[in-house]
There are 2 protein chains.
Amino acid sequence: MFGQNLPMKKKITRRSVVPRSNDKTYHHGDLRNALVAAAELELKENGLERFSLRGVARAASVSHAAPSHHFGDVQGLLTALTAIGFERLLKVQQKHQKKANDDPLEKLVASGLGYIEFAQKNAEMFHLMFASTMPDRDNADLSQSAAAAFENLVVLVDKVRGRETDQGMSDVYASWALVHGFSALLNANKLPSLGNSKKARDAEMRGVLKRFLAAALN
Amino acid sequence: MFGQNLPMKKKITRRSVVPRSNDKTYHHGDLRNALVAAAELELKENGLERFSLRGVARAASVSHAAPSHHFGDVQGLLTALTAIGFERLLKVQQKHQKKANDDPLEKLVASGLGYIEFAQKNAEMFHLMFASTMPDRDNADLSQSAAAAFENLVVLVDKVRGRETDQGMSDVYASWALVHGFSALLNANKLPSLGNSKKARDAEMRGVLKRFLAAALN
DNA sequence: ACCCTTATCTTTACACTGTAAAGTTTAATG
DNA sequence: CATTAAACTTTACAGTGTAAAGATAAGGGT
């Protein structure tokens with residue numbers, strides 16, 4: 001649904017957002033990557049609910065049927081994009097982990113804050129990654145990059161727990177849920193009184209994450 | 001997007017799902033309620049991403065343009081449905097709270113399990129309530145029923161904290177995030193090793209919620 | 001009782017959408 | 001150099017949401 005006449009919200013229909021050689025030949029040359037890039041833009045600007053495959057094709061200056069030869073259908077394109085999303089998420093988390101000091105808890109909290117930052121800066125991508133039925137979750141690339149991000153979390157939690165008390169997965173799940181919930185609720189604008197500046201929000205969340213995780217993962 | 005040709009998933013197009021007097025007159029009589037009921041069914045069966053306003057009209061045995069006179073557009077209909085969702089969520093939580101014993105923590109945990117149960121039994125509704133841009137969040141009915149559900153949580157958390165230590169809203173937010181995150185990740189099928197029977201899952205989640213909330217809200 | 005206003009519902013039309021199929025161009029391969 | 005295969009376009013179709021105008025019926029005032 002929702003891909004049609006939507007006069008209420010501005011519809012950006014500029015062509016050729018993703019650059020293409022001006023002396024454009026019949027064959028694009030690097031259409032696959034161009035489509036993924038255009039799709040990411042389309043996702044960011046129109047959101048998943050207004051995502052349009054034809055719009056993506058327009059942005060890449062190709063016919064509306066061109067994407068099918070590279071991705072089959074819209075699900076194929078979004079699946080590829082989702083896989084990239086998980087790779088990026090992991091990278092952002094790892095960057096935050098590196099900047100934190102060596103205390104395992106600090107690293108876990110930093111990683112969580114990275115997760116939240118990613119979710120906020122890529123709200124629609126985050127939505128695609130976790131709350132959409134469009135991507136093919138059985139796709140090899142996708143499930144692998146998603147698993148990699150999860151593995152990183154397991155390691156972090158294990159280090160905090162010191163490996164002695166084995167609560168199975170529920171501790172890992174709860175830590176994830178806490179961070180994921182913050183991300184989702186922030187994106188849904190449900191946490192208004194959390195400080196208006198990014199710095200204030202981060203500080204407040206770092207505090208509460210630390211308190212919750214430290215206490216629960218003893 | 002996504003409202004069109006979707007041959008991969010079975011498309012249920014049966015007519016008149018919501019009963020209508022057989023000697024059907026030109027005027028329906030109770031179309032507004034019939035449309036809301038049909039919309040809930042459509043949401044449950046096709047999901048938000050495949051939701052079709054025309055499908056809802058078909059299910060109510062009226063023309064595809066009939067809904068506009070009661071809800072304006074699809075956003076209006078989904079906004080009304082979302083408001084109902086929040087009312088139901090609160091009711092489910094309160095039912096769980098009543099069944100729990102008088103310990104404030106037990107009540108908070110029970111309420112959280114109610115939240116999660118609602119999210120699982122009404123996955124698409126939950127998605128609509130928290131992760132969709134379609135509902136008009138400024139709508140009076142909607143924002144009020146959403147606020148009521150939130151107020152209930154604030155009271156529960158305050159009782160656990162005993163009101164002495166005031167951590168502002170961050171404790172409330174974190175408690176919510178924990179429960180909300182579990183709901184979202186469960187719906188996204190991201191927590192496979194959490195026990196396969198509902199009973200086992202509930203027990204495991206009750207345990208971990210208790211541990212996390214007790215420790216953090218001291 | 002009658003008329004008239006108004007709300008409710010239908011019909012028609014339009015600009016979109018995703019995808020299938022067939023045709024066109026170009027690259028690659030033997 | 002000829003043939004095959006890949007990349008891309010054109011055309012067509014069934015579906016979508018919504019706007020506008022026409023049809024029906026209910027309600028209210030006189």
Side-chain angles (χ1 to χ4, degrees), chain A residues 1-13 15-16 18 20-21 23-35 38-39 42 46-79 133-134, chain B residues 1-13 15-16 18 20-21 23-35 38-39 42 46-79 133-134:
Chain A
M1 78 176 303
F2 308 147
Q4 301 81 339
N5 245 355
L6 302 167
M8 59 286 289
K9 287 195 182 169
K10 60 184 186 299
K11 186 88 189 204
I12 302 151
T13 22
R15 298 184 145 262
S16 190
V18 173
R20 174 176 182 183
S21 58
D23 52 346
K24 59 177 176 179
T25 54
Y26 194 93
H27 286 11
H28 182 287
D30 191 22
L31 184 53
R32 191 173 214 280
N33 291 323
L35 286 175
E42 169 84 4
N46 285 359
L48 181 60
E49 284 170 349
R50 295 165 196 277
F51 186 92
S52 156
L53 182 58
R54 284 171 106 110
V56 171
R58 274 193 296 272
S61 307
V62 293
S63 81
H64 65 264
S68 79
H69 299 276
H70 292 272
F71 297 99
D73 53 10
V74 68
Q75 163 158 325
L77 175 55
L78 289 180
T79 299
T133 63
M134 283 309 298
Chain B
M1 77 177 302
F2 307 147
Q4 301 82 338
N5 246 355
L6 301 168
M8 57 286 288
K9 288 196 182 170
K10 62 182 183 299
K11 186 89 190 202
I12 301 152
T13 22
R15 298 183 145 262
S16 189
V18 173
R20 175 177 181 183
S21 59
D23 50 347
K24 60 177 176 178
T25 54
Y26 194 94
H27 286 13
H28 181 287
D30 191 23
L31 184 53
R32 204 193 144 87
N33 291 323
L35 286 174
E42 169 84 5
N46 285 0
L48 182 60
E49 284 170 348
R50 295 165 195 277
F51 186 92
S52 157
L53 182 58
R54 284 171 106 112
V56 171
R58 274 194 295 273
S61 307
V62 292
S63 82
H64 63 264
S68 79
H69 299 276
H70 291 273
F71 297 98
D73 53 10
V74 68
Q75 162 159 327
L77 175 55
L78 289 179
T79 300
T133 63
M134 283 309 300

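The sequence lines fix the lettering, A, B, ..., with proteins before strands; numbering per chain opens at 1. Note that these values count all heavy atoms, side chains included, but never hydrogens, waters or copies made by symmetry.
Atom CZ of Arg54(A) is separated from atom C1' of dT10(D) by 11 Å (rounded to the nearest Å). One can place CZ of Arg50(A) at 14 Å from C1' of dT17(C), the figure rounded to the nearest angstrom. Between the C1' atom of dG18(C) and the CE atom of Met134(A) lies a distance of 10 Å, rounded to the nearest Å. Separating the NE2 atom of His64(B) from the C1' atom of dT8(C) is a distance of 15 Å, rounded to the nearest angstrom. Atom C1' of nucleotide dT18(D) and atom CG of Leu53(B) are separated by 9 Å, given to the nearest angstrom. When rounded to the nearest whole Å, the span between NE2 of His69(A) and C1' of dT25(C) equals 12 Å. Computed from coordinates, the Phe71(B) CZ to dC9(C) P distance equals 11 Å when rounded to whole Å. Put simply, CD on Glu49(B) is 17 Å from P on dT17(C), counting in whole angstrom units.
Between the Glu49(B) side chain and the Thr133(A) main chain, a donor and an acceptor come within less than 3.5 Å of each other. Put simply, the side chain of Glu42(A) never gets that close to the backbone of Gly55(A): no donor and acceptor are under 3.5 Å apart.
Backbone-only engagement by His70(A) is indicated by non-hydrogen atom pairs under 4.0 Å involving sugar-phosphate atoms exclusively. Using a 4.0 Å heavy-atom distance criterion, Gly76(B) is classed as making no nucleic acid contact. Within the nucleic acid shown, Gly72(B) has no heavy atom closer than 4.0 Å to any nucleic acid atom.
Side chains of His70(A) and Leu31(A) form a contact here, defined as non-hydrogen atoms less than 4.5 Å apart. With a 4.5 Å cut-off on side-chain heavy atoms, Phe71(A) and Arg32(A) count as touching.
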